[in-house]
Amino acid sequence: MNFSKPKRIFIVDDDLMLSEALSDYLTREVPHQISLFPTGEECLKHIEEQPDVLVLDYYLNTIEKNAANGMEILKTIKQNYPKINIIMLSSQEAYSIAVKTIQKGAEQYVIKDKDAFQKITALIKDL
Amino acid sequence: MKRTILLLSVILILFAQSGFGQANPYPQIDSLKKKLSELTREDTNRAWVLVLISGKYNGINADTSLLYANEALFLSKRLKWHKGIVNALLDKGNALTSNSDYPNALDSYLEALKNCDAQKDSQRTILIYERLAHLYFIQYKFSTVLQYAQKILELNKNIGKNNKRYLRNLASGLSISGNAYMNLEKPDSARFYLLKAEKVYQELQDQYGLAEIYGNLGLINTISLGKYLRGIDYQLQSLEIYKKVNDEIGIGVNYYGIAISYAWCAYSGIPKDADPILVKKYGTNRKEMIRLAKDYIEKAIASCKKSGDLTHLPINYNALSNIQSNLLGDYKGALESFKTAVELKDSITNMETDKKLVQKNMQFEQAKKDAVSSEQLKKQKLLRNVFISGFALMILFTFIIFRQRNKMLKAKEKAERSEKFKEDFLANMSHEIRTPMNAIVGMNALVLDTELEPKQRKYLTSVQKASTNLLEIINQILDLSKIEAGKIELEKIDFSLRDVVGQVTEVLQHKTDKKEIALIVDIAADVPDIFLGDPLRLNQVLMNFTGNAIKFTEKGSVTIMVRKLSTDENKNITLAFSVVDTGIGIPKDKIRSVFESFTQVSAGDTRRYGGTGLGLTISKQLVELMGGKIEVESELGSGTTFSFALQLPIGTEESLAQRNHPAQVDGRMLDGLNILLVDDQEDNRIVCRDTLESKADVHITEATNGRKALEILKEQDFDIILMDIQMPEMDGYEATRQIRNSFPAPKREIPVLALTASVIKSDLDKCKAAGMNDYIPKPFKTTELITTIATLANRKIIYKQEEKISGKKEIPALYNNLDLSYLQEFCENDQAKMKKYINIFIQSIPILENKLKQATETKDIAEIAAQVHGFKTKLFMMSLEEAKNLGQKIEVDSRQDNPDVAAILRDTGRFLEMIHHAADMINKTKIV
């Protein structure tokens, strides 16, 4: 099996259930060091820690109406820290959004479906 | 008397031959079919081509004609196109008449009449009257025939003399009247109408019509009026025309008529009042007349043989016999002719029997009843007519059926073949399909019991589900025959309503996913979960309606809705089941026909809808069997709702638990048993052995057929024998019989459990009769096998207490029962992690509630959808399937162009209710 090294991972999603679950899922095989943030703003406060991977939800306004959306965060981070790998997470199966995020530097655009965790795990492994 | 006999037969034959002239088949069918294949749109053009094809097939192949007529009818009805409906019904009636299905033919014509405005469309109405007259004619109801003939003449006044059709209708009405009077034995009235008809046909220059009129006038003159020479004159005219148009039957009949005219003239002498012109023309000496009579009758016989008209042959031979004995004194020849006539008649009588057989085989139950009553009437009539005219009518009758003899023989063969095929099919279905299915289901279950990668488990679980479904389908088909025979029995066991509905969604989910429509389960919270009834049948019905709904829905959703309607004093609950879709809908006038067509399962419908069409038939009958009635509401473009209400008693949880958790049976209760397993199929033996050995510590000895089993049993002792039925050398029945009859006690008492692939009751009865103690249908369920063996071997049935946390359990769509097995699996049974997630869930509820309440107040549908969407992962982790489905419905509904705000708000309320309920359950169980 192709073991991946432990990585520093940020997960930005306003759904704590999802963040926790993804975190647990990712650490099942590899003891990644993972931090969870409910908003992009919170994440930006810690961005100088320079994680290897950032899993970023596209829609971050379910709870905080005024929070910046994933697209804005993506742009901000990529401008300042282009080396951070960003995986966009979204429940919208929209090709146009996916293309936009990838044009802005996202590694991949993952749909929140049953296989999302598996896909993210595989992506992180390959980074 | 003899005269009458001969007369009537000829009159009727002539009439039947041309009186209602059937359309001659043209070789245009292929080009029409080609045209049909080009007409892809379901419009009146297509309907009309279907009508045309049906018409072309009429007289060639009634079954095919009927098929096209039905399709034309179906389409015309949907298009509300009256012209198409009427013409299709006419063709249908014609085809049914050809098939001797008179009651249904009558229905078709009467329905056509209903759809046809006599004043506005008099011409078409007249056509229908003509068909009705014909239909009554061939059933000897001549007074009714006369009534229709009068109606034709009456209505024809509407047509107007300037219309081309006027004269034709007039001729037809007059000719039919004349024929009816002939058969009512009123020769003067008959002659009156026929002469009038002759004038019209002359004006029309219709040679065929004239030939018919002349033939009939000839017969009246010769036989009823004793004017032989006039008769000969008319018949020669008729003959000439028939020769021109090369109508062999017409020729033959006229030869015959001329022959008997000469014969009787020779017998009684030239009438004194005969027309001198005719006497000059035809009058001659007796000897010459006898020669001519014999000559013509021989010509008639030759003509019959030439045209293959076997039905007229006995009449002709009979006439020849009369001429030979009465006029020629050739008694030996007369006897030979008579014998030939009798032989031919016998073969026709056989055809008559064939016809009855065919009818019996072919007709539906209702039609059968009708046929019986009409048959009785027919018999009464027949009896009366036999008094009047001896066996002439019998011959006529056989003549009519003769025209369809070949078709009927084929139909009969077909019917017998299909009946035989059905029987064989059912028997084989049981054995040939269930046996390999046994291997699939059984081995798959064995693999599932081993250590597996999650993916492998997922795939194999799919195999398990699919094969279980397939088995159910097989059983369904077997069921249909049982339902049809009224022999189906409903089970009355405890079941979980939500499980039943959940199974439907589980199976059909992938279809809705593919079409990107929502599949929603909406069971009201006040609906209890456990009922007493037949879960398989309920599942079957819901599966059908839901599957159907998905088929016709391209966007939006399909919802399975269950509501409590009432509870009576005996705790019986009336539930309303609905399957609601947002599909294309069914036009109002088609709703019934959809059901009709499915119940008819005609070949046309099968082509149209695909599949067997059994689904709705079974569903409809099952619902009715369960005491409900299916209702369909539909609006074009906005969707269809199939609903039915059922009254079900409340069930108990305990017995359900036993059934629903087969893994809970402890196989160890079989420990130490010594089992003889008899089966010729290695697959089956492996499945059975491994199943038992994986669950218990048993000792199994195998035998490959009954004989070997007996040999082994002689040497060894066993606790129980598991016996296959169909085996080479010696089958299970025989082996069991020998054990019971020829083995010493206590060996002869050994329990024998039949493992049978058959589900046919007669086979199961045979098991019992052979002395087997019980049977298990293959493929067997592990629990069933274990418990049955335990029961027969006098072992106490033990249930496993623990092991619920096996991680193997599927996620059931439960709402009343909180099911955390997915979470458990996800957390790899780490209690701390589970608590973490449960806490996240519980703590998120107030936030959600707050957001939803605000959004509800401001009727912010988009926000509601966003919140519900945002909660999805939590519902998934907590296995709250029902809330998840409702959430999906809310999302879908809110995205509609004109969302139903009230419904969304109502659903949002229920959504919150479900989540609160789940939280309550968690608190009660003190997991946190």
Side-chain angles (χ1 to χ4, degrees), chain A residues 1-2 11-32 34-40 55-71 88-95 97 110-122, chain B residues 453-455 458 509-510 513 516 811 822-852 854-855 858 860 862-881 884 887-888 891 895 915:
Chain A
M1 198 177 281
N2 175 22
I11 300 173
V12 188
D13 197 314
D14 60 353
D15 182 359
L16 185 59
M17 184 71 98
L18 185 126
S19 308
E20 284 284 358
L22 179 56
S23 166
D24 279 344
Y25 193 91
L26 291 174
T27 48
R28 268 185 192 178
E29 281 179 23
V30 185
H32 297 295
I34 300 180
S35 304
L36 311 179
F37 304 97
T39 64
V55 181
L56 179 60
D57 189 19
Y58 179 80
Y59 186 80
L60 291 165
N61 306 90
T62 308
I63 295 165
E64 291 295 329
K65 287 293 147 198
N66 301 320
N69 69 32
M71 197 68 182
M88 288 304 286
L89 198 55
S90 173
S91 47
Q92 275 176 301
E93 201 167 333
Y95 182 70
I97 301 175
V110 178
I111 306 295
K112 285 185 188 173
D113 61 12
K114 282 172 191 167
D115 304 322
F117 288 4
Q118 257 172 290
K119 283 182 208 156
I120 295 168
T121 312
Chain B
E453 297 267 312
K455 249 192 186 167
K458 193 175 127 193
Q509 187 81 52
H510 71 278
D513 286 352
E516 295 187 330
I811 308 159
Y822 178 77
L823 186 62
Q824 207 160 21
E825 199 180 350
F826 186 87
C827 299
E828 291 164 321
N829 219 358
D830 180 331
Q831 294 295 315
K833 274 190 186 169
M834 281 178 73
K835 273 187 189 173
K836 178 180 79 181
Y837 288 110
I838 289 169
N839 277 326
I840 293 174
F841 172 67
I842 300 272
Q843 284 160 14
S844 68
I845 296 173
I847 304 168
L848 174 78
E849 190 168 17
N850 203 8
K851 295 265 180 197
L852 282 179
Q854 275 178 23
T858 55
D860 186 347
E863 171 65 7
I864 288 177
Q867 289 303 327
V868 168
H869 183 90
F871 214 71
K872 221 171 171 176
T873 318
K874 299 182 184 83
L875 301 176
F876 181 74
M877 294 291 281
M878 306 304 290
S879 307
L880 296 173
E881 290 291 313
K884 210 174 85 189
Q888 200 179 351
E891 278 190 66
R895 278 202 294 269
I915 289 163

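Please read these numbers as outputs of a predicted model, since none were measured by experiment. Throughout, a chain's letter reflects where its sequence line sits, starting with A, and its residues are numbered from 1.
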**Q** Rounded to the nearest 0.5 Å, what's the gap from NZ on A:K112 to NZ on B:K872? Could you check?
**A** 9.5 Å

**Q** Between atom CE of A:M17 and atom CD1 of B:I840, what is the distance when rounded to the nearest 0.5 Å?
**A** 5.5 Å

**Q** Picking from A:D24, A:L16, A:D13, which has the most non-hydrogen pairs under 4.5 angstrom with chain B?
**A** A:D24

**Q** Using modelled atom types and a 3.5 Å cut-off, is there a donor and acceptor pairing between side-chain atoms of B:Y837 and backbone atoms of A:E20?
**A** yes

**Q** Within a radius of less than 6.0 Å around CG of A:D113, do more than 12 heavy atoms belonging to other residues, nucleotides or ligands occur?
**A** yes

**Q** Between B:Q843 and chain A, which part of the residue has a heavy atom less than 4.5 Å away: side chain, backbone, both or neither?
**A** neither

**Q** Chain A heavy atoms under 4.5 Å from B:K851: which part of the residue, side chain, backbone, both or neither?
**A** side chain

**Q** A:S91 vs B:H869, test: side chain to side chain contact (heavy atoms under 4.5 Å, CB included). Steps then yes/no.
**A** CA-CA 9 Å; A:S91 47; B:H869 183 90; 2.5 Å; yes

**Q** More than 12 heavy atoms of other residues, nucleotides or ligands under 6.0 Å from NZ of B:K455: yes or no?
**A** no

**Q** Any idea which heavy atoms bring A:R28 and B:C827 closest together, and the distance?
**A** NH2-N, 4.5 Å

**Q** If I compare all heavy atoms of A:A21 with all of B:F826, which pair ends up nearest, and what's the gap?
**A** O-CZ, 3.3 Å

**Q** Between B:K836 and chain A, which part of the residue has a heavy atom less than 4.5 Å away: side chain, backbone, both or neither?
**A** side chain

**Q** Contact part of B:F871 toward chain A, heavy-atom cut-off under 4.5 Å: side chain, backbone, both or neither?
**A** neither

